[in-house]
Structures are given as structure tokens and as C-alpha cells.
Undergrad: 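To start, I am sharing the structure in question, which I have written as C-alpha cells.
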Amino acid sequence: MNREKELWKPGNMLYPVPVVMVSCQRPGETPNIITVAWAGTVCSDPVMLSVSVRKERYSHGILTDTGEFVVNLVTKDLAFATDFCGVKSGRDVDKFAEMKLTPLPSSRISAPGIQESPVNLECRVRQVLQLGSHDLFLAEVVGVTADKRLMDEKGKLHLNESGLVAYSHGEYFELGEKLGKFGYSVQRRKA
């Protein structure tokens with residue numbers, strides 16, 4: 001099979017990626033939500049993640065001032081609100097109110113999570129890397145809440161049953177068919 005390739009200028013084509021809603025709040029102000037598709041795991045001990053945010057975004061200042069935020073995982077049911085929170089500015093609109101989302105009090109930080117999200121990761125910024133168009137906020141996960149409806153009787157979280165959403169090249173997709181699990185390529189097969 002011949003697969004011809006075409007050379008393009010450098011660009012971010014690492015897709016799909018998780019899309020998340022990041023909630024943040026300055027003391028005494030209305031909480032805000034920013035949609036981020038450039039987020040990821042960076043360390044397991046201590047548990048850390050990163051989010052990249054453009055400097056001109058309203059939430060950038062909140063993250064810089066407070067040093068904390070909540071990463072809220074996105075499901076199919078939250079896709080519309082996720083898109084809205086990515087195209088509207090918190091300077092102009094109360095996104096929680098407009099999208100009828102419920103602020104969830106956090107246990108270890110001041111910023112609220114989003115009640116409707118299946119998992120909320122409370123984060124404290126450890127370092128900010130100024131990279132160019134975006135600043136990378138490296139943060140330690142200091143608290144996690146998960147929907148009890150996704151837990152089985154043994155306390156195992158069945159997150160993949162929540163309808164998680166990914167972002168790929170300007171479009172949102174619900175995660176689909178399971179293809180395997182970690183290590184399945186080397187797992188012994190029954191005869």
C-alpha cells in the first residue's frame with residue numbers, strides 16, 4: 001500500500017486530546033470556566049498535570065493571581081456547555097449561570113468544581129512556564145472528587161461509562177469502542 005505524504009509547516013497535530021473545563025475564581029468574584037484542550041498528565045508522584053492558556057484569556061489572570069483551579073472532566077452531556085465556555089469570555093458572561101452549571105465546593109482549594117462533571121481534580125499551581133502564545137501551568141493535584149453513580153460496590157470507578165469527550169482538530173467526539181487494555185498485546189492467550 002502506497003501512502004504518499006505531504007510536507008506541511010510545523011503545527012500542533014497531536015490529536016485527539018482530552019477536552020476539559022477548568023474552573024477558577026478570585027476571592028469575592030463570580031467563578032469562571034475556561035475550556036482547555038491542551039491539558040495533560042505530567043507526573044504520577046507527586047500527582048501533577050498541566051494546562052496551557054493564552055495570556056489574553058480572562059482566566060489566565062485568575063489562574064496567575066490565585067494559583068489554583070479545578071480540572072473538570074467532560075462528558076457527552078457537557079459538550080454544549082464545554083463549547084460555550086470556550087468561545088465566551090468570563091469578562092462578559094457568568095458561564096455557570098448561562099449553562100445552568102452548579103459550582104461544587106472544593107475540599108482543598110478555594111476555586112469551585114463543576115457538580116455535573118464526573119471527576120473534579122483540585123489543583124495548586126507549582127510553576128508557570130511562559131512558552132510564547134500560551135503559558136503552561138504545572139499544577140499538583142491536591143484533591144479529587146468522583147461521581148458515586150460511576151462507582152461499583154467494591155469502590156472501583158468506571159469512568160469510561162460516563163461518556164467522556166475528546167477534541168480532535170476542531171471537533172468534539174464521544175469516546176467509543178474499547179480496543180484493548182494496557183498490556184493486552186503481551187498478555188497470554190488462552191488455548
Undergrad: When rounded to the nearest 0.5 angstrom, what distance separates SG in C123 from CZ in R108?
TA: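 The SG atom of C123 sits 12.5 Å away from the CZ atom of R108.
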Undergrad: Quick one: ring-ring contact (aromatic ring centres under 6.0 Å, His included) pairs with a partner in residues 35-86, sequence neighbours left out?
TA: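 Non-adjacent pairs meeting ring-ring contact (aromatic ring centres under 6.0 Å, His included): W38-H134, H60-F137.
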Undergrad: Any side-chain heavy-atom pair from L101 and I33 closer than 4.5 angstrom?
TA: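 With C-beta onward as the side chain, the pair touches.
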Undergrad: Mind checking whether P112 and Q25 have side chains closer than 4.5 Å, heavy atoms only?
TA: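 Sidechains of Q25 and P112: in contact.
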Undergrad: Provide the closest heavy-atom pair for S59 versus N32 in the form atom of the first, atom of the second, distance.
TA: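 Between these two residues, the closest heavy atoms are OG-ND2, 2.7 Å.
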Undergrad: Tell me which donor-acceptor pairs under 3.5 Å the side chains of residues 42-55 have, and how far apart each pair is, sequence neighbours excluded?
TA:
| from | atom 1 | to | atom 2 | distance (Å) |
| --- | --- | --- | --- | --- |
| K55 | NZ | G132 | O | 2.6 |
| K55 | NZ | D135 | OD1 | 2.9 |

Undergrad: Without hydrogens or angle criteria, can the side chains of D94 and T30 be said to hold a donor-acceptor pair below 3.5 Å?
TA: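 Judged by distance alone, the side chains do not pair up.
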Undergrad: Please say yes or no: joined through hydrophobic side-chain contacts below 4.5 Å, possibly via intermediate residues, are V119 and L150 part of one cluster?
TA: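 Shared cluster, yes.
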Undergrad: Does anything in residues 15-30 pair up under salt bridge (charged side-chain N to carboxylate O under 4.0 Å, His left out), and if so which pairs, sequence neighbours excluded?
TA: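 Those involving residues 15-30 are R26-E29, R26-D65.
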Undergrad: List, one per line, each side-chain donor-acceptor pair under 3.5 Å for residues 8-19, sequence neighbours excluded.
TA:
| from | atom 1 | to | atom 2 | distance (Å) |
| --- | --- | --- | --- | --- |
| W8 | NE1 | E6 | OE2 | 3.3 |

Undergrad: Between V36 and L104, is there a shared hydrophobic cluster once you connect ILVMFWY residues whose side-chain heavy atoms come closer than 4.5 Å?
TA: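 Per the 4.5 Å side-chain linkage, V36 and L104 are not co-clustered.
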Undergrad: Checking T102 now: which residues fulfil side chain to side chain donor-acceptor pair (under 3.5 Å) with it, not counting sequence neighbours?
TA: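 By the side chain to side chain donor-acceptor pair (under 3.5 Å) rule, T102 matches E116.
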Undergrad: Should V144 and V22 be counted in the same cluster of Ile, Leu, Val, Met, Phe, Trp and Tyr side chains packed under 4.5 Å apart?
TA: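 V144 clusters together with V22.
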Undergrad: Rounded to the nearest 0.5 Å, what separates atom CG in L78 from atom CG in L73?
TA: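 So the CG of L78 and the CG of L73 are separated by 10.0 Å.
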Undergrad: Please enumerate all residues that pass salt bridge (charged side-chain N to carboxylate O under 4.0 Å, His left out) together with R149, with sequence neighbours excluded.
TA: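 Only D147 meet the salt bridge (charged side-chain N to carboxylate O under 4.0 Å, His left out) criterion with R149.
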Undergrad: Establish whether L63 and L121 are linked, either directly or via other cluster members, by ILVMFWY side-chain heavy-atom contacts under 4.5 Å.
TA: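 Yes, it is one cluster - the side chains of L63 and L121 are joined through contacts under 4.5 Å.
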Undergrad: Provide the full list of salt bridge (charged side-chain N to carboxylate O under 4.0 Å, His left out) pairs with a residue in residues 69-89, sequence neighbours left out, each pair given once.
TA: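 The answer is K76-E174.
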Undergrad: Taking distance alone, no hydrogens or angles, what donor-acceptor pairs closer than 3.5 Å link side-chain atoms of residues 156-171 to residues at least two apart or in another chain?
TA:
| from | atom 1 | to | atom 2 | distance (Å) |
| --- | --- | --- | --- | --- |
| H158 | NE2 | D152 | OD2 | 2.9 |
| S162 | OG | L159 | O | 2.7 |

Undergrad: Donor-acceptor check, side chain of E68 to backbone of C24, threshold 3.5 angstrom: yes or no?
TA: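 Absent.
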Undergrad: To the nearest 0.5 Å, what is the distance between CE (M21) and OG1 (T35)?
TA: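 Result: 6.5 Å between the selected atoms.
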Undergrad: Under a 4.5 Å cut-off applied to non-hydrogen side-chain atoms, are L138 and L129 in contact?
TA: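 Yes, close enough: below the 4.5 Å cut-off.
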Undergrad: To the closest 0.5 Å, what do you measure between NZ (K95) and CD1 (I34)?
TA: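 Going from the NZ atom of K95 to the CD1 atom of I34 covers 6.5 Å.
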Undergrad: Sort and list the pairs that fulfil salt bridge (charged side-chain N to carboxylate O under 4.0 Å, His left out) and have at least one residue in residues 119-132, not counting sequence neighbours.
TA: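 Sorted result for residues 119-132: R126-E140.
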Undergrad: Can you sort out the partners of T145 under side chain to side chain donor-acceptor pair (under 3.5 Å), two or more places apart, ordered by chain and number?
TA: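 Counting only residues at least two positions away or on another chain, T145 forms a side chain to side chain donor-acceptor pair (under 3.5 Å) with N120.
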Undergrad: Tell me if a side-chain donor or acceptor on S23 pairs with a main-chain N or O of I114 at a distance below 3.5 Å.
TA: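 No; judged by distance alone, with no hydrogens or angles, the pair does not exist.
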Undergrad: What about L175 and V71, same hydrophobic cluster or not, with Ile/Leu/Val/Met/Phe/Trp/Tyr joined at side-chain heavy-atom distances under 4.5 Å?
TA: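 L175 clusters together with V71.
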Undergrad: Within this structure, what is the CZ-CD distance for the pair F182 and Q187, rounded to the nearest 0.5 Å?
TA: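 Reported to 0.5 Å precision, the distance equals 12.0 Å.
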Undergrad: Could you list the cluster mates of L7? Members are the ILVMFWY residues connected by side-chain heavy atoms closer than 4.5 Å, either directly or through other members.
TA: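 Answer for L7: none, a lone residue.
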Undergrad: Going by side-chain heavy atoms closer than 4.5 Å, which hydrophobic residues are tied to I109, directly or by a chain of links?
TA: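 Answer for I109: V70, V142.
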